[in-house]
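In what follows, a structure is listed as structure tokens, so that the remarks can point back to it.
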Amino acid sequence: MTDAVRTQRWKSKVSRVLASGGTTDIHTHLYGPRFGDLVSWGIDDQLTYHYLVAESFRVLKLSPKDFFILPKSRQAELVWEALFVGQSPLSEATIGLVTTLNALGLDPRKDGLAGIRRWYAGQKRADFISKCLDLSGVQSVYMTNSPVDPVEAACWNNGAKGDERFKTALRVDGLILNWADTAKTVANQGFKVGKTLTGKTIREIRRFLDVWTARMNPAYAMISLPPDFRTEDGSQRASLFRDVLLAHCAEHGLPLALMIGVKRSVNPALGMAGDGSGLADLRTLEDLCRSFPAQRFLVTVLARENQHELCVLARKFGNLHPFGCWWFTNIPSIINEITRMRLELLGPTFTAQHSDSRVTEHLIYKWSHTREILADVLASHYARLDASGWLVSPAEIKRDIHALTGGGFESFVGGGRAA
Ligand code: RAT
Ligand code: ZN
């Protein structure tokens with residue numbers, strides 16, 4: 001049998017298991033149906049996704065300022081015209097919209113934006129959320145829950161949780177990285193904090209996190225970090241990271257998810273679409289894993305150039321669990337490369353993907369595109385194993401895929417393991 005035929009046979013077996021779903025999406029920006037207007041869905045929300053907005057500015061003739069003052073529906077029309085009418089939708093995010101609309105039974109070329117909008121007018125939010133979860137084969141998603149967002153805080157105070165498919169992750173970027181601007185929000189919730197980090201303010205921020213941890217019951221805490229983040233540079237953010245975040249996680253036994261390498265506001269005029277990526281010095285992560293052996297770190301890195309180093313670190317530290325192909329790396333060529341590299345260096349002991357979905361429909365394309373690549377990568381690994389004299393069984397394929405698509409994460413997070 002040729003290698004190509006062998007791999008193709010494995011691909012059919014792997015694809016069958018992948019198609020049976022059961023995925024846990026460990027990081028999204030989605031919300032459950034009871035979070036009201038925080039739930040993002042529909043064609044205009046998809047077209048104004050910041051990935052597409054960033055791409056539109058490569059062709060749009062108007063300035064970001066003139067674009068962002070327009071109503072969302074007009075922005076959506078401009079993105080549609082720029083990326084789907086004026087040129088072929090060849091980028092990952094544009095192909096993604098096509099994949100999604102097709103899965104929903106629409107034909108974007110034939111229906112056009114007007115037809116798609118008419119179809120959406122007949123959809124109901126709660127049913128539509130279930131439809132997207134079903135179509136994407138995702139059984140549960142982790143939200144990104146920020147206690148310093150007044151709209152979200154109000155939802156929690158009004159008992160918004162209560163949907164088991166939507167799980168909680170405590171997001172703390174503003175609190176740790178931008179205390180000067182966040183202090184007021186925390187003070188408004190009745191905590192006695194000031195802008196300066198006195199002992200009392202630190203205790204009150206800890207108390208703030210205690211209260212929100214009790215209210216939200218998160219599975220993990222999460223922060224995104226700039227590439228130049230250091231834990232020992234004497235900065236305010238370094239003290240907050242150590243004395244508040246790490247201390248809080250230790251006390252509550254919470255794993256900490258680090259998303260490393262984002263340069264916020266590289267082009268501020270683009271708003272959310274203006275963030276970039278930078279090469280991080282992973283010695284900071286190495287120090288953290290070594291100095292806090294009982295702390296579990298879930299880590300993803302944004303720069304392509306940091307991916308190999310992350311795998312090597314994960315071989316050294318059992319308290320480090322790599323996850324996902326984040327943001328600019330969530331494109332087929334790089335998912336393929338990263339997933340192969342991780343399998344080669346770590347076996348199935350990482351989480352292959354998270355979707356980072358912001359609009360409910362994103363689940364559909366992000367998971368269907370990822371599964372296609374996972375099928376290729378796993379098939380070639382099983383074929384090599386087969387050629388070497390080891391035939392994996394269907395049950396073992398299922399076990400491996402489960403580990404890579406949420407099972408490994410659940411046991412890492414639930415395990416309370418030491419390094
Ligand atoms: O991928 C994204 O949507 C980014 O805007 C970020 O949200 C990033 O994933 C983050 O969580 O900071
Ligand atoms: Zn995210």
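Remember, it's 1-based here, ligands and their atoms both numbered in the order they're listed. What you see is a predicted model, and the numbers here were worked out from it, not measured in a lab.
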* **His27 neighbourhood, listing ligand 1 atoms whose heavy-atom distance to it stays under 4.0 Å** =>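 It comes down to these atoms of ligand 1: 9 (O), 11 (O).
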
Answer yes if the side chains of [X] and [Y] hold a donor-acceptor pair under 3.5 Å, and no otherwise.
X: Arg215; Y: Asn157; result: yes
X: Arg371; Y: Thr23; result: yes
X: Thr370; Y: Gln353; result: yes
X: Arg125; Y: Thr360; result: no

* Structure fact -> Of Tyr51, Tyr49, Trp41, the one forming a ring pair (Phe, Tyr, Trp, His ring centres under 6.0 Å) with His362 is Tyr49

* Asked: Just distances here: any N/O of Tyr49 and N/O of ligand 1 closer than 3.5 Å?
  ->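 Checking ligand 1 against Tyr49, no N or O pair falls under 3.5 Å apart.
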
If you have a sec, work out which protein heavy atom is nearest [atom] and how many Å separate them, to one decimal?
atom: atom 10 (C) of ligand 1; answer: Arg171 NH2, 3.4 Å
atom: atom 8 (C) of ligand 1; answer: Trp326 NE1, 3.4 Å
atom: atom 1 (O) of ligand 1; answer: Tyr51 OH, 2.7 Å
atom: atom 6 (C) of ligand 1; answer: Arg358 NH2, 3.5 Å
atom: atom 5 (O) of ligand 1; answer: His50 NE2, 2.8 Å

* To do: For this output row, return yes or no: ring centroids of Phe229 and Phe241 closer than 6.0 angstrom.
  =>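 Yes.
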
* ring pair (Phe, Tyr, Trp, His ring centres under 6.0 Å) between Phe292 and Phe297: does it pass, once the steps are laid out? -> CA-CA 10 Å; Phe292 299 92; Phe297 296 101; 7.2 Å; no

* **the Zn ion (ligand 2) - name of the N/O/S atom of Asp356 that sits closest to it** => OD1

* Under-4.0 Å heavy-atom contact with ligand 1, by part of Arg264 that carries it -> side chain

* Asked: Hey, is the Zn ion (ligand 2) within less than 2.8 Å of some N/O/S atom on His29?
  ->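 Within the cut-off used here (under 2.8 Å), His29 does place an N, O or S atom near the Zn ion (ligand 2).
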
